[in-house]
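These numbers were taken from a predicted model, which means no experiment stands behind them.
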Amino acid sequence: QVQLVESGGGLVQTGGSLRLSCVARGRALNMYDMGWFRQAPGKEREFVAAISRSGRSTNYADSVKGRFTISRDNAKNTVFLQMNSLKPEDTAVYYCAVDQSMGVSGRPYDYNFWGQGTQVTVSS
C-alpha cells in the first residue's frame with residue numbers, strides 16, 4: 001500500500017507560481033509512474049500531468065503545457081508540480097496518484113492510491 005501526501009498549495013495572484021509536492025510513504029516511488037490531477041468545485045477530476053518511473057517521459061494536459069512542469073526525485077520519494085503563469089481557471093484541489101497503467105496515462109481510472117489533495121486558489 002502506498003500513502004501519498006500532497007503539499008504546497010495556497011493562494012496566489014494571477015501570473016504567480018507555486019510548487020506542489022507529493023511524498024510517498026510505504027513504498028519506493030521509483031516503482032511507479034505518477035500523475036497529478038485537479039478538481040474544481042462542480043467539475044469532474046481532470047488530468048494535469050504524468051511522469052514515468054525514470055522521469056524521462058512526461059505527459060501534459062493541453063491547458064497547462066508550457067506553464068506547468070512535472071518532475072520527481074526518487075531518492076526523496078517525491079513528485080513535484082511546478083506551476084508558473086497561474087490563471088484563475090487553475091483554481092482547484094490538486095491530487096497526486098499512482099499510474100497503474102505504467103504508461104504516463106491521462107485517464108483517471110488508470111490511477112490508484114490518491115492523496116488527500118492540496119488547495120490551489122488563483123485570484124484575479
Side-chain angles (χ1 to χ4, degrees):
Q1 184 97 9
V2 177
Q3 182 183 11
L4 301 175
V5 180
E6 302 96 334
S7 63
L11 174 63
V12 64
Q13 292 185 331
T14 296
S17 298
L18 284 173
R19 189 192 197 203
L20 306 184
S21 299
C22 171
V23 177
R25 297 169 180 167
R27 290 280 181 90
L29 203 59
N30 60 8
M31 297 172 60
Y32 306 108
D33 290 5
M34 298 292 296
W36 284 96
F37 288 75
R38 66 187 181 186
Q39 188 166 18
K43 295 187 177 181
E44 292 188 354
R45 191 166 298 188
E46 66 170 351
F47 171 70
V48 175
I51 189 167
S52 63
R53 283 167 288 177
S54 66
R56 286 192 288 268
S57 296
T58 57
N59 183 19
Y60 293 94
D62 288 343
S63 58
V64 306
K65 280 181 182 176
R67 300 189 299 123
F68 290 12
T69 303
I70 189 171
S71 63
R72 65 193 299 159
D73 185 339
N74 287 336
K76 295 183 179 180
N77 244 23
T78 304
V79 177
F80 303 99
L81 186 68
Q82 178 66 43
M83 305 187 295
N84 298 328
S85 302
L86 283 161
K87 306 175 182 179
E89 51 264 44
D90 294 318
T91 295
V93 177
Y94 283 71
Y95 301 89
C96 65
V98 171
D99 178 5
Q100 307 271 267
S101 78
M102 297 299 191
V104 286
S105 170
R107 300 180 297 258
Y109 56 79
D110 282 331
Y111 285 78
N112 205 345
F113 305 117
W114 296 86
Q116 84 291 344
T118 185
Q119 176 70 48
V120 171
T121 303
V122 185
S123 62
S124 58

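C22 SG to R72 CZ: the interatomic distance, rounded to the nearest 0.5 Å, is 9.5 Å. The line from OG of S101 to CZ of R107 is 6.0 Å long, rounded to the nearest 0.5 Å. To the nearest 0.5 Å, atoms OG1 (T58) and NZ (K65) are separated by 9.5 Å. Once rounded to the nearest 0.5 Å, the distance linking CD1 of I70 with CG of L20 reads 10.5 Å. One finds the CZ atom of R19 at 6.5 Å from the CD atom of Q82 (value rounded to the nearest 0.5 Å). Here CZ of F113 is found 10.5 Å from CE of M34. Values are rounded to the nearest 0.5 Å.
Considering all non-hydrogen atoms of both residues, W36 and V79 come closest at NE1-CG1, 3.6 Å. Between V120 and G9, the shortest heavy-atom contact is CG2-CA, 4.1 Å. Of all the heavy atoms in G106 and F47, the pair that sits closest is O-CB, 3.3 Å. Taking both residues in full, the closest heavy atoms of V48 and V64 are given as O-CG2, 3.5 Å, listed atom of the first, atom of the second, then distance. When every heavy atom of A49 is checked against every heavy atom of L81, the shortest pair comes out as CB-CD1, 4.2 Å.
In summary, D90 and K87 do not engage in a salt bridge, as defined by a charged side-chain N under 4.0 Å from a carboxylate O.
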>> Between L4 and C96, does the side-chain contact (heavy atoms from CB on, under 4.5 Å) criterion hold? Intermediate values first, please.
In response: CA-CA 7 Å; L4 301 175; C96 65; 3.8 Å; yes

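With hydrogens and angles ignored, the 3.5 Å screen pairs no side-chain donor or acceptor of Y32 with any backbone N or O of A97. Of the possible donor and acceptor atoms, one in the side chain of D99 sits under 3.5 Å from a partner among the backbone N and O of S105. For N77 (side chain) and R27 (main-chain N/O), a donor-acceptor pair under 3.5 Å exists by modelled atom type. Judged by distance alone, the side chain of E6 and the main-chain N or O of G117 form a donor-acceptor pair under 3.5 Å. Distance alone, capped at 3.5 Å, places no donor-acceptor pair between the N30 side chain and the N74 backbone. Using modelled atom types, no side-chain atom of Q116 and backbone atom of V5 make a donor-acceptor pair closer than 3.5 Å. No donor-acceptor distance shorter than 3.5 angstrom exists from the side chain of T121 to the backbone of T91, with no hydrogens or angles considered. Side-chain N or O atoms of Q39 include none that pairs as donor or acceptor with a backbone N or O of A92 at under 3.5 Å. A donor-acceptor pair is defined here as one N or O able to donate and one able to accept, closer than 3.5 Å; no such pair exists between the side chain of R53 and the backbone of M102. Listed for the N112 side chain is no donor-acceptor partner under 3.5 Å among the backbone atoms of V98.
Residues V2 and Y111 are members of separate hydrophobic clusters, defined by side-chain heavy-atom contacts under 4.5 angstrom among Ile, Leu, Val, Met, Phe, Trp and Tyr. Hydrophobic clustering, with ILVMFWY side chains joined whenever heavy atoms are under 4.5 angstrom apart, keeps L29 apart from V23.
The aromatic rings of F68 and Y94 lie tilted to each other, with the angle between the two planes from 30° to 60°.
At a cut-off of 3.5 Å, with distance as the only test, a side-chain donor of S17 or N84 sits close to an acceptor on the other residue.
The shortest distance between side-chain heavy atoms of K76 and S21 does not fall below 4.5 Å.
Taking the ring axis of Y95 as reference, the NZ or CZ atom of R45 stays within 45° of it and closer than 6.0 Å to the ring centre.
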